[in-house]
Amino acid sequence: MPKVSAKKKCCKDRPRCKACPVVLLRLSKMGYAEQLTTGKKAKYDLDKNIPKKAMVVARQR
């Protein structure tokens with residue numbers, strides 16, 4: 001499982017980038033990521049195979 005660190009602040013682009021803290025939080029709520037650390041640069045442990053539809057939903061505004 002790849003480990004990803006979130007960016008410090010969301011850039012609010014459309015669609016949101018994959019390292020955005022909002023996207024990683026949404027993926028963890030869906031069960032595709034596990035939060036390892038908290039704070040400004042939170043680290044997440046992502047599942048290997050995240051469905052494309054779940055990623056699209058997480059990156060929407």
Side-chain angles (χ1 to χ4, degrees):
M1 291 188 206
K3 290 182 174 60
V4 177
S5 58
K7 296 183 342 184
K8 286 185 179 179
K9 188 177 176 185
C10 179
C11 57
K12 298 179 184 170
D13 281 343
R14 287 189 184 174
R16 295 182 191 268
C17 61
K18 295 178 183 178
C20 179
V22 176
V23 171
L24 294 171
L25 183 69
R26 288 177 183 171
L27 286 173
S28 75
K29 286 183 179 180
M30 285 190 253
Y32 295 112
E34 182 182 343
Q35 190 171 7
L36 300 174
T37 61
T38 57
K40 285 189 175 183
K41 294 277 295 185
K43 294 193 185 233
Y44 288 85
D45 196 12
L46 297 178
D47 284 349
K48 225 175 190 180
N49 298 320
I50 299 174
K52 186 173 182 177
K53 192 164 189 168
M55 187 59 90
V56 168
V57 169
R59 292 178 69 190
Q60 285 180 351
R61 204 158 236 223

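Values below: all heavy atoms of this structure, side chains included; hydrogens, waters and symmetry mates excluded. FYI, the numbering just counts along the sequence from 1.
Residue Lys7 holds its NZ atom at 10.5 Å from CG of Leu24, rounded to the nearest 0.5 Å. Expressed to the nearest 0.5 Å, how far NZ of Lys9 lies from SG of Cys11 amounts to 10.5 Å. Residue Arg14 holds its CZ atom at 10.5 Å from CD of Gln60, rounded to the nearest 0.5 Å.
Between Leu25 and Ser28, some side-chain heavy-atom pair lies under the 4.5 Å cut-off.
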For the pair Met55 and Leu27, evaluate side-chain contact (heavy atoms from CB on, under 4.5 Å) and give the outcome as yes or no after the intermediate values. CA-CA 8 Å; Met55 187 59 90; Leu27 286 173; 4.1 Å; yes
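Between Ala6 and Tyr44, the shortest heavy-atom distance links the atoms CB-CE1, 4.4 Å. Between Val23 and Lys18, the closest heavy-atom pair is CG1-O, 4.3 Å.
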Show me the side-chain donor-acceptor pairs of residues 31-39 shorter than 3.5 Å, one per line, residues at least two apart or across chains.
residue : atom : partner : partner atom : Å
Gln35   : NE2  : Thr37   : O            : 3.2
Thr37   : OG1  : Lys43   : N            : 3.0

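The cluster map of Ile, Leu, Val, Met, Phe, Trp and Tyr, joined by side-chain heavy atoms under 4.5 Å apart, puts Val4 and Met30 in the same cluster.
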